[in-house]
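Following: one structure in structure tokens, then a few remarks.
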Amino acid sequence: MRRRVILLGPPGSGKGTVAAQLKNECGFDHFSTGHWLRQEVARGSALGRQASLFLERGELVPDEVVLALVKDALSNAQADVGYLSDGFPRTLAQARAFDAWSSPRGLGIEQVIYFECSEALVLNRITGRRSCGSCGRVYHVTLVPPGQPGRCDDCAGELTQRTDDTESVVRKRFKIYLRETEPLIDFYRQQAKLDVVNASQSVDVMMSQTMSLLQR
Ligand code: AP5
């Protein structure tokens, strides 16, 4: 199974949901730059204060800020343990800089799984999303409900709606995705690292197709 993997796709395509399951079932070292940034905002750190306006508006945090976070977190990573990223890289500049940093360290990306889905589907999923404030696990009020309403199944943390999950901000995030992140599909296809999963299917089907691709 490949161990250095990127999940790529629009907001709401299911990257976080599948990543959490892969972490539990396969022991992946999962990281989400969005989750890290929200933690910094909640802590009120200098970095969080710098990032908060970008998050609220649904805009991308500057490349150098995100790259510094990722390099710091992966500086002691081991090639065989690897990483599973959801939400990074999401600009060509981030992708190129990460290739240049990771390859000489033996941490180069082995596989990119692209979750393909439409804007209409994303809107429905994101407006019903609820996230755990403690561990970051995500649910959906009707599609992926928790056992007990408003409480996380894993840690009993409170489930809340993200401030950037309103319809107008999601539409903006989708536009930014098309402009800044979609070009990564061709970038990784040219490197022969890209595989595609139809993200309009159920979580179980997405999960099993992703597992098969990782083991191919
Ligand atoms: P981030 O947290 O990364 O958000 P995102 O990429 O916009 O993706 P989402 O978390 O919204 O969606 P997802 O694909 O993980 O879907 P999920 O599994 O939750 O980034 C937030 C912000 O941080 C950015 O806007 C930016 O400001 C900043 N940022 C982060 N990384 C950055 C970077 N690298 N550079 C610059 N800025 C960065 O699923 C969504 C919902 O659908 C859930 O409710 C779930 O339960 C449900 N669901 C999922 N799959 C299915 C399914 N198959 N069937 C039914 N329901 C499903």
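Along the sequence shown, residues carry numbers from 1. No hydrogens, no waters, no symmetry mates; every other heavy atom, side chains included, goes into these values. Computed from a predicted structure; not experimentally measured. Read the numbers this way: they start at 1 and go in the same order the structure lists the ligands and their atoms.
By heavy-atom distance, the residue among R173, H140, R90 lying nearest atom 20 (O) of ligand 1 is R90. For the residues K172, R162, E59, the heavy atom positioned nearest atom 21 (C) of ligand 1 is part of R162.
Atoms of ligand 1 lying under 4.0 Å from any heavy atom of G16, numbered from 1 in the order shown and given with element: 13 (P), 15 (O), 18 (O). Under a 4.0 Å criterion applied to the non-hydrogen atoms of T17, ligand 1 contributes the atoms 17 (P), 18 (O), 39 (O), 45 (C), 49 (C).
For ligand 1, the polar-atom distance check finds an N/O of V203 within less than 3.5 Å of one of the ligand's N/O atoms. Remark: ligand 1 and V61 share an N or O pair separated by less than 3.5 Å (distance only, no angle test).
Ligand 1 lies within reach of G12, whose nearest heavy atom is under 4.0 Å from it. In this structure, G9 does not count as a contact residue of ligand 1, since none of its heavy atoms falls inside 4.0 Å of the ligand. The closest approach between any non-hydrogen atom of G128 and ligand 1 is not below 4.0 Å. Contact annotation: A51 has no heavy atom less than 4.0 Å from any atom of ligand 1. Ligand 1 is approached by Q201 to a heavy-atom distance shorter than 4.0 Å.
When only non-hydrogen protein atoms are considered, atom 41 (C) of ligand 1 lies nearest to R125 O, 3.7 Å. Of all protein heavy atoms, the one lying nearest to atom 31 (N) of ligand 1 is T33 OG1, 2.7 Å.
At a threshold of 4.5 Å between non-hydrogen side-chain atoms, the residues R173 and D165 count as touching.
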Please tabulate, one pair per line, all N/O donor-acceptor pairs under 3.5 Å involving side-chain atoms of residues 174-190, not counting sequence neighbours.
{"unit_1": "T181", "atom_1": "OG1", "unit_2": "R90", "atom_2": "O", "d": "2.8"}
{"unit_1": "D186", "atom_1": "OD1", "unit_2": "R189", "atom_2": "NH1", "d": "3.3"}

Please report, to 0.1 Å, the donor-acceptor pairs under 3.5 Å made by any side chain of residues 55-73, with sequence neighbours excluded.
{"unit_1": "E59", "atom_1": "OE2", "unit_2": "K172", "atom_2": "NZ", "d": "2.9"}
{"unit_1": "D63", "atom_1": "OD1", "unit_2": "T91", "atom_2": "OG1", "d": "3.1"}
{"unit_1": "D63", "atom_1": "OD1", "unit_2": "Q94", "atom_2": "NE2", "d": "2.9"}

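Taking the six-membered ring where the residue is Trp, F31 and Y83 present tilted rings, their angle falling between 30° and 60°.
Using a 4.0 Å cut-off between charged nitrogen and carboxylate oxygen, R129 and D164 do not count as a salt-bridge pair.
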